[in-house]
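Just so we're clear, the structure is a prediction, and the values are computed from it rather than from any experiment.
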Protein chains: 2
Amino acid sequence: MIKMNPHFAMLTSSYLFSRIAEKVNEHLKQNPDADIIKLGIGDVTRSLPEVSVKAMKRAADELGTEKAFRGYGPEQGYDFLRKAIAEHDYRGLDIEPDEIFISDGAKCDTGNFLDILAHDISVAVPDPVYPVYVDTNVMAGRATGYHHGRYEGLRYLEGTPDNDFIPTPPSDRVDLIYLCFPNNPTGAVATRDQLQVWVDYALGAGALILFDAAYERFISDRNIPRSIFEIKGAKECAVEFRSFSKTAGFTGTRCAFTVVPKVIRAADDHGKRHSLHALWNRRQSTKFNGVSYPVQRAAEAIYSPEGKREVDERISYYMRNARLIRDAVQRHGYNCWGGRNSPYVWIETGTDSWSFFDRLLYEASVVITPGVGFGRMGEGFIRISAFNSHENVEHALRRIEKAL
Amino acid sequence: MIKMNPHFAMLTSSYLFSRIAEKVNEHLKQNPDADIIKLGIGDVTRSLPEVSVKAMKRAADELGTEKAFRGYGPEQGYDFLRKAIAEHDYRGLDIEPDEIFISDGAKCDTGNFLDILAHDISVAVPDPVYPVYVDTNVMAGRATGYHHGRYEGLRYLEGTPDNDFIPTPPSDRVDLIYLCFPNNPTGAVATRDQLQVWVDYALGAGALILFDAAYERFISDRNIPRSIFEIKGAKECAVEFRSFSKTAGFTGTRCAFTVVPKVIRAADDHGKRHSLHALWNRRQSTKFNGVSYPVQRAAEAIYSPEGKREVDERISYYMRNARLIRDAVQRHGYNCWGGRNSPYVWIETGTDSWSFFDRLLYEASVVITPGVGFGRMGEGFIRISAFNSHENVEHALRRIEKAL
């Protein structure tokens with residue numbers, strides 16, 4: 001019999017969101033009339049911007065004619081979209097269009113990026129953390145065991161109220177570092193100085209930073225950097241992941257991108273230096289076939305003046321929810337983080353995460369995310385997402401206030 | 001400095017189609033007026049079916065409303081598409097909708113599937129072969145060297161005129177076998193008996209067959225199986241990859257699927273048996289986020305009566321080209337394979353592949369694909385693709401006949 005990748009056997013079987021779904025289904029079975037409001041999974045609820053709908057339909061029409069039909073596109077994405085991103089998202093940051101790789105998701109890219117790195121590198125992940133960073137490293141064989149909610153072999157960077165959930169670099173050397181700001185799940189944002197500490201560490205250690213900026217559009221504070229490339233030296237040591245999912249409602253439409261500066265190098269076994277950009281390009285050319293043309297046109301459209309207006313309106317809409325959530329939980333005397341420059345509010349519950357989850361589910365019919373699902377340091381916290389309608393959020397908060 | 005995946009350094013740097021593009025560009029530089037006709041890369045030229053355009057536009061409109069908006073879809077694909085595929089493509093073959101995983105490309109899936117298999121399995125690939133099977137195994141570390149156009153560590157299954165390019169199983173055991181019928185590049189199709197030999201071998205050896213059926217729709221002969229699951233025992237040992245790319249003109253729209261029967265098992269290091277379906281599901285849930293909703297609706301539409309009609313019309317259109325190509329090369333006394341039940345014609349050139357390529361490029365301004373680009377056994381052959389307009393194919397053939 002063929003042998004499986006043995007590292008898959010080490011993955012903890014119960015994925016956070018599956019367990020939540022099970023509990024919700026169980027509750028619904030016993031309370032068929034329960035009007036459940038979901039503030040758990042970070043999925044947007046507002047429509048796709050009108051400019052994107054129009055652009056996608058125009059592109060579909062093009063594909064429907066022999067004359068304008070397009071077959072295989074470039075695996076790296078169309079120039080029109082790479083140029084729009086470079087010009088609008090990286091203006092003044094010295095990022096070239098061909099350093100931007102269009103993909104069908106930041107989740108896919110953060111996972112697939114491991115393909116081009118050596119098996120025996122040391123990896124540091126935050127705790128709490130977006131589970132995909134951890135799981136994909138386990139799949140790649142970098143975990144040697146699982147105990148007390150943590151994988152042996154991975155280095156955990158602890159986020160706590162004491163450091164406002166902004167971990168500092170470890171005292172020894174690691175090869176690969178995951179950072180995500182605005183953070184999922186804590187909503188924390190890092191200042192320029194805090195990011196400079198990380199970039200300086202990476203440059204000193206010869207480490208690579210994988211910077212997940214999927215929520216950058218939620219930053220309104222002008223002093224908070226939106227891109228790691230605003231930080232001096234980052235182009236020599238960082239790769240940035242971004243997505244149209246939360247920005248422009250693309251969670252079901254699928255478009256994202258990864259910025260791989262051409263100057264970054266990785267070493268082979270003989271110490272010879274190879275371009276990380278060339279490696280990623282080879283990976284993508286071989287194992288990916290580019291993003292659907294109409295989807296790329298839909299993404300391009302959000303860089304138009306009308307597209308920007310539609311995106312801004314959606315961000316403001318969700319951020320009003322975030323403020324409502326913050327105000328409500330603070331009114332009840334809970335400590336919280338995030339909800340400013342971020343769509344997530346991270347709340348200290350004073351009890352264990354799953355009990356609090358159960359209480360809100362059973363007593364308020366509101367679904368949130370237990371913090372411990374994001375790692376051991378998330379125990380005693382919950383995440384509430386601002387992605388819902390004003391009506392649902394207000395309704396949920398009234399129910400939560402009543403239940404507490 | 002962070003270390004790269006050292007196996008990437010072993011990949012031969014010049015990818016077939018890049019080298020072709022370079023030669024064409026060079027020729028165009030020296031002959032700016034050359035009216036080049038491309039019968040090389042297997043990309044479709046006919047428009048996306050009207051039913052798909054309409055379905056995509058309807059779905060885009062849905063996403064543009066708050067009421068019908070859809071965010072994250074199932075990573076495995078929407079039920080509506082999985083059911084349509086099971087019902088239409090696998091009727092009577094006992095394939096359940098939840099054994100079908102929707103993806104953005106068969107190329108992606110054949111590459112990504114290696115994620116769930118052990119590093120130290122033995123792998124057999126045909127020669128000539130679609131290069132992605134080889135390159136992704138090299139990336140996964142299964143090659144120990146490269147000599148004379150072949151990677152050490154991989155087992156090659158030779159296709160020659162003597163076996164009509166249908167290799168037979170090796171005499172010893174391998175774990176993983178790639179088969180592709182109708183074949184890219186040779187256009188060969190396997191009979192029921194020939195596939196039964198492979199399935200029996202796999203069942204006996206405990207091997208897994210990765211069956212690439214991306215071109216199944218081009219089969220018109222009722223005796224030729226379109227799916228490996230028409231073969232007795234295949235459900236216990238085979239995974240099938242299919243695509244809407246060549247069938248329905250989706251090369252730029254991106255939709256494909258992979259069928260992983262639930263009964264197949266893979267062993268862990270302790271000999272414990274795990275479901276391959278569950279492993280692939282875990283891989284996809286963690287590293288993939290599903291296919292764009294409007295694209296899935298576009299794919300669903302081709303299963304309507306009108307969609308089937310549009311697809312059939314396109315297949316017939318391309319197959320007329322294939323006949324023209326076959327007739328023309330045979331008229332000139334060349335041996336050829338394929339072009340029946342397949343959009344590719346494989347031609348014995350009597351000279352080395354690249355010289356023949358050069359001759360057709362320089363003397364006829366026609367681009368074809370040198371067979372040696374598909375492996376050592378492809379030397380002395382070329383592939384001509386039927387994917388172009390009738391006018392272009394006729395024009396190209398007149399020029400080729402003149403040049404020869």
One option among Asp269(B), Leu208(B), Ile2(B) has the most heavy-atom pairs under 4.5 Å with chain A, and it is Ile2(B)
Apply salt bridge (charged side-chain N to carboxylate O under 4.0 Å, His left out) to the pair Lys107(B) and Glu75(A), showing each step before the final yes or no.
CA-CA 12 Å; Lys107(B) 172 170 134 179; Glu75(A) 290 96 347; 3.4 Å; yes
With a 4.5 angstrom heavy-atom cut-off, could you sort out which part of Ser122(B) is near chain A: side chain, backbone, both or neither?
neither
Please state whether the side chain, the backbone, both or neither of Arg265(B) comes within less than 4.5 Å of a heavy atom of chain A.
both
So, do Ile102(A) and Tyr78(A) sit near enough that their side-chain heavy atoms are less than 4.5 Å apart?
no
Of the backbone (N, CA, C, O) and the side chain (C-beta and beyond), which part of Ser52(A) lies under 4.5 Å from a heavy atom of chain B, both, or neither?
neither
For the residue pair Gln76(B) and Ser285(B), what are the closest heavy atoms and their distance?
NE2-OG, 3.7 Å
For Val295(A), which atoms come within 4.5 Å of any heavy atom of chain B: side chain, backbone, both, or neither?
side chain
Please state whether the rings of Tyr178(A) and Tyr133(A) are parallel, tilted or perpendicular, taking 30° and 60° as the class boundaries.
parallel
Per-residue tally against chain A (heavy atom, under 4.5 Å) across Ile41(B), Asp120(B), Thr110(B) peaks at Asp120(B)
Identify which part of Arg46(A) has an atom lying under 4.5 Å from any heavy atom of chain B, answering side chain, backbone, both or neither.
both
Between Asp268(A), Ile264(A), Leu114(A), who has the most heavy-atom pairs with chain B when the cutoff is under 4.5 Å?
Asp268(A)
Would you mind checking which part of Glu50(A) comes under 4.5 Å of any heavy atom in chain B, side chain (CB onward), backbone (N, CA, C, O), both or neither?
neither
Examine whether an atom of Glu236(A) lies under 4.5 Å from a heavy atom of chain B, and if so say whether it belongs to the side chain, the backbone or both; otherwise answer neither.
neither
Of all of Gly290(B), Gly73(B), Ala267(B), which one pairs up most often with chain A through heavy atoms under 4.5 Å apart?
Ala267(B)
Under 4.5 Å to a heavy atom of chain B? For Thr253(A) that would be both
What pair of heavy atoms forms the shortest contact from Phe288(B) to Ser103(B), and how long is it?
CZ-CA, 4.0 Å
Between Leu279(A) and chain B, which part of the residue has a heavy atom less than 4.5 Å away: side chain, backbone, both or neither?
both
Best-contacting candidate, Ala140(B), Gly64(B), Cys237(B), against chain A by heavy atom pairs under 4.5 angstrom:
Gly64(B)
If I compare all heavy atoms of Asn5(A) with all of Met139(A), which pair ends up nearest, and what's the gap?
ND2-O, 3.0 Å
Nearest atoms (heavy-atom pairs only) where Ala248(A) meets Pro49(A):
O-CD, 3.0 Å
Using heavy-atom distances under 4.5 Å, tell me whether Asp104(A) contacts chain B through its side chain, its backbone, both, or neither.
side chain
May I ask you to name which of Ala60(A), Gly71(A), Ala9(A) has the most heavy-atom pairs under 4.5 Å with chain B?
Gly71(A)
Under 4.5 Å from a heavy atom of chain B, the part of Arg283(A) involved
both
Does any heavy atom of chain B fall under 4.5 Å from the side chain of Val174(A), the backbone, both, or neither of them?
neither
Let's test your reading of the structure: which of Cys108(A), Gly252(A), Pro294(A) forms the most heavy-atom pairs below 4.5 Å with chain B?
Gly252(A)
Tell me whether the rings of Trp280(B) and Phe113(B) are parallel (<30°), tilted (30 to 60°) or perpendicular (>60°).
tilted
Glu310(A) and Val51(A): which non-hydrogen atoms are nearest, and at how many Å?
OE2-N, 3.0 Å
Met1(B) versus chain A, the contacting section by heavy-atom distance below 4.5 Å
both
Close side-chain approach of Lys38(B) to Phe387(B), heavy-atom, < 4.5 Å
no
So which of Gly111(B), Gly206(B), Ser292(B) has the biggest tally of heavy-atom pairs under 4.5 Å with chain A?
Ser292(B)
Side chain, backbone, both or neither of Asp109(B) within contact of chain A (heavy atoms, under 4.5 Å)
neither
Just wondering, do Tyr318(B) and Lys246(B) contact through their side chains at under 4.5 Å, heavy atoms?
no
Give the minimum heavy-atom separation between Asp135(A) and Arg282(B), together with the two atoms involved.
OD2-NH1, 3.4 Å
Flag the pair Phe69(B) / Thr45(A) as yes when at least one side-chain heavy-atom distance between them is below 4.5 Å, and no otherwise.
no
